[in-house]
Student: 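Shown below is the structure under consideration.
Quick note on labels: first sequence line is chain A, next is B, and so on, each numbered from 1. Here the structure is a predicted model, which is why all the values come from computation and not from measurement.
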Amino acid sequence: MTTIRLHNTATRAKETFTPLNPDYVRMYVCGPTVWDRAHLGNARPVVVFDVLFRLLRHVYGPDHVTYVRNITDVDDKINAEALRRRQAGAPGTLEALIHQRTEETIAWYHADMDALGALRPTFEPRATDYIRPMVAMIEDLIARGHAYAAEGHVLFDVRSYAAYGRLSGRSVDDMIAGARVEVAPFKRDPMDFVLWKPSSGEEPGWDSPWGRGRPGWHIECSAMSHELLGGSFDIHGGGIDLQFPHHENEIAQSRCAHPEEGFAKVWMHNEMLQVEGKKMSKSLGNFFTVRDLLDRGVPGEVIRFVLLGTHYSKPMDWTAEKARQAETVLRKIAEFLGEDPLTKDSIDTQYAKAPQEVVDALANDLNTSSALTLLATYLKNRQELQLVGTLSLLGFNLSSLTTALAPFSFHAGDNGFASGYRLTTHGTEGSVYGSMLIELGNRLSELRAQALKTKDFSSVDALKSALVSAGVEVRMEKQGVSLVPGVGFDPAKLEALQ
RNA sequence: GGCGGGUUGGCGGAGAGGUUACGCAGCGGAUUGCAAAUCCGUGAAGACCGGUUCGAUUCCGGUACCCGCCUCCA
């Protein structure tokens, strides 16, 4: 069996991965707070841990991996949006408006992450469905002397857990010296964090032993992972920015509530994403969502390819140039896969498996960059079986790849009964510009056939340069012509040609 | 102030203590009505300063710069 090695943030070392249960893997990854569209940074852990999920399924079997990714639907930004809608005259209670908002954003999240080729996790628990287990865990923490109620709040007592700070390599005293913590008079220690807080009438709330209120952010992951995966499980993932305080607090809560259990064994953190060398932020004007990119015509496969190009443990920079390069490679792949079956060996790729060297690359702490290098090798050597198997393991959807990126070819045909130009494509021929390209391609083929006899190429060259200026690559081949809408393709410029 | 990540050829980006990474772009050639695509060939590297070693871009120490976290954040 493939040996998987993963870098464990908790031990700061690359370790051989051994599941607690030898043939059943349990993984928990911190998911989105569903208050708005997912931005590109949100997509990185989704894709990274999707590849890990796929690798684990490959090694242990599809039914031997449970992947939990939570949905945080209790959040002040969600409340604020619901309140804004009510003030703008929207009908319904605040709770109904909150529900409406989260239903909207969850649907967006699913659509956007689907477009990136991410498999849905086994479970996607919503915080609001697990309030009771959270309350029970908080009561337990109080009973065990790790938490205390004060002025409607319940706080975790960080001084009661000696290992607090171990994951992130901090000490409570050092952090207090840095002193940017909220100093509330009812806290025993400035680092104590909220498990439960009171809700006003303008905020969603649940009844609890401490009055009507809502859970703090960290407790949901402790409660939901325990409910769905048990007190000990294999992998816990998320962005490095969650290492502190979120994951530190999760550990404190879970280990203190279940001291006999181990909680997560391996901690994995992906580094941050930047855009053109800077942190993505609205104020810098380089903030965009996954949907923004998709709407701009960047295929999900291209986004995925770029994200997998950099090892997850390194900061990664999103640039337009990278997207262009990724699209160039993927177009070549799409073209190869979409080639006329008569011109290449016929291979049944339905059961194509990724070569062991690809599995080994991923098993080496998810070396996705090396896997992409192997992908390029298979393309160059025209190893279709290996190529398809690798694409599948890496989570690239073959049909949407060829649909989005394959070229249109018009080849002269004469079978003795009829002659003309036969279209060969896996491209989006059904779309508006697809039909335009088909019409223009046929026209170009005919003009060229005439020009080859008359030696007057002026009309061919005129149409060709018009196509090129619309961002369509034009290839004149012996057998016919091919039109390849490229990275800078602008269908609007084709309208004038019709 | 504390904790963590990064620095590789024009650009992106890996592995490996000694043997070509690879991709994109460039250059030369083949090919083409002209191009494009393709194929063949090809130059180019590891922030800086020390140390270990027969040998370091790869290990160790230091310096510089960039980025993140310590407050909601993937």
Student: Hey, which sits more toward the 5' end of RNA chain B by its nearest nucleotide, A/K332 or A/M476?
Tutor: A/K332
Student: Is there a Watson-Crick or G-U wobble partner for B/G61 with both distances under 3.5 Å, and which nucleotide is it?
Tutor: B/C49
Student: Taking the side chain of A/F457 as heavy atoms from C-beta outward, which of B/G33, B/G6, B/U38 is closest to it?
Tutor: B/G33
Student: Using the C1' atom on both, measure B/G43 against B/G10 and round to a whole Å.
Tutor: 12 Å
Student: Side chain of A/R324, heavy atoms from C-beta onward: which of B/A74, B/C24, B/C67 has the nearest atom to it?
Tutor: B/C24
Student: Which part of the nucleic acid, if any, lies within contact of A/Q325, taking any heavy atom under 4.0 Å across all strands shown: a base, the sugar-phosphate backbone alone, or nothing?
Tutor: base
Student: Under a 3.5 Å cut-off for both distances, is B/U42 Watson-Crick or wobble paired, and to whom?
Tutor: B/G26
Student: Are any side-chain N or O atoms of A/N42 and backbone N or O atoms of A/R44, one a donor and one an acceptor, separated by less than 3.5 Å?
Tutor: no
Student: Under 4.0 Å between any heavy atoms, over every strand shown, what does A/R170 touch: base, sugar-phosphate, or nothing? Just pick one.
Tutor: base
Student: Looking at every strand, decide which applies to A/T377 at a 4.0 Å heavy-atom threshold: base, sugar-phosphate, or nothing.
Tutor: nothing
Student: For the pair made of CG in A/L447 and C1' in B/G33, what is the distance, rounded to whole Å?
Tutor: 14 Å
Student: Identify whether any heavy atom of A/Q243 sits under 4.0 Å from a base atom; if not, whether one sits that close to sugar-phosphate; answer base, sugar-phosphate or nothing.
Tutor: nothing
Student: Under 4.0 Å, heavy atoms only, any strand: does A/L273 hit a base, just the sugar-phosphate, or nothing?
Tutor: base
Student: Can you tell me the distance, in whole Å, between the CZ atom of A/R475 and the P atom of B/C39?
Tutor: 11 Å
Student: Of all the nucleotides listed (B/G68, B/G33, B/C24), which has the minimum atom distance to the side chain of A/R448?
Tutor: B/G33
Student: If you check the A/H39 side chain, which of B/C34, B/G33, B/A74 turns out closest?
Tutor: B/A74
Student: Looking at the side chain of A/V329, which of B/G23, B/G33, B/A74 is the nearest nucleotide?
Tutor: B/G23
Student: A side-chain contact here means heavy atoms from C-beta on lying under 4.5 Å apart; do A/L366 and A/H7 qualify?
Tutor: no
Student: Taking only the side-chain heavy atoms of A/E321 (C-beta and beyond), determine which of B/C67, B/C11, B/C72 contains the nearest atom.
Tutor: B/C11
Student: Could you check whether A/G41 gets within reach of a base, just the sugar-phosphate, or nothing at all, counting any heavy atom under 4.0 Å?
Tutor: base
Student: Could you tell me how far apart A/K77 (NZ) and B/U71 (P) are, to the nearest whole angstrom?
Tutor: 15 Å
Student: If you only use heavy atoms from C-beta on, which nucleotide in B/A37, B/C72, B/G33 is closest to the side chain of A/V460?
Tutor: B/G33
Student: Both distances below 3.5 Å, Watson-Crick or wobble geometry, any strand: find the nucleotide opposite B/G1.
Tutor: B/C70
Student: Of the listed nucleotides (B/A74, B/A37, B/C34), which one gets closest to any side-chain atom of A/E473?
Tutor: B/A37
Student: Identify which nucleotide among B/A74, B/A14, B/C22 has an atom closest to any side-chain atom of A/S370, counting heavy atoms from C-beta outward.
Tutor: B/A14
Student: Under a 3.5 Å cut-off for both distances, is B/A56 Watson-Crick or wobble paired, and to whom?
Tutor: none
Student: With a 6.0 Å cut-off on ring centres, are A/F233 and A/F263 close enough?
Tutor: yes
Student: Give, for atom OG of A/S168 and atom CD of A/Q243, the distance between the pair rounded to the nearest 0.5 Å.
Tutor: 5.5 Å
Student: With heavy atoms under 4.0 Å as the rule, sort A/V474 into base, sugar-phosphate or nothing.
Tutor: base
Student: If you look at every strand shown and take non-hydrogen atoms under 4.0 Å, does A/K455 touch a base, only sugar-phosphate, or nothing?
Tutor: nothing
Student: Judged by atom type as modelled, is there a donor-acceptor pair below 3.5 Å linking the side chain of A/T72 to the main-chain atoms of A/V74?
Tutor: no
Student: Determine whether any donor atom in the side chain of A/N364 lies under 3.5 Å from an acceptor atom in the base of B/G15, or the reverse, and answer yes or no.
Tutor: no
Student: For a 4.5 angstrom cut-off between non-hydrogen side-chain atoms, does A/M280 reach A/H39?
Tutor: yes
Student: Report yes or no: is the cationic atom of A/R37 (NZ for Lys, CZ for Arg) under 6.0 Å from the centre of the six-membered ring of A/Y109, at an angle within 45° of the ring normal?
Tutor: no
Student: Regarding B/C11, can its base be found pairing with the side chain of A/K322 as donor and acceptor, where the two atoms are less than 3.5 Å apart?
Tutor: no
Student: For A/H246 and A/A376, take the nucleotide of RNA chain B holding the closest heavy atom to each; which residue's nucleotide lies nearer the 5' end?
Tutor: A/A376
Student: In whole Å, what is the span from the CG atom of A/D317 to the P atom of B/G12?
Tutor: 8 Å
Student: Please classify the nucleic acid contact of A/H269 as base, sugar-phosphate, or nothing, using heavy-atom distances under 4.0 Å.
Tutor: nothing
Student: With respect to the side chain of A/D241, which nucleotide from B/C24, B/C34, B/A74 is positioned closest?
Tutor: B/A74
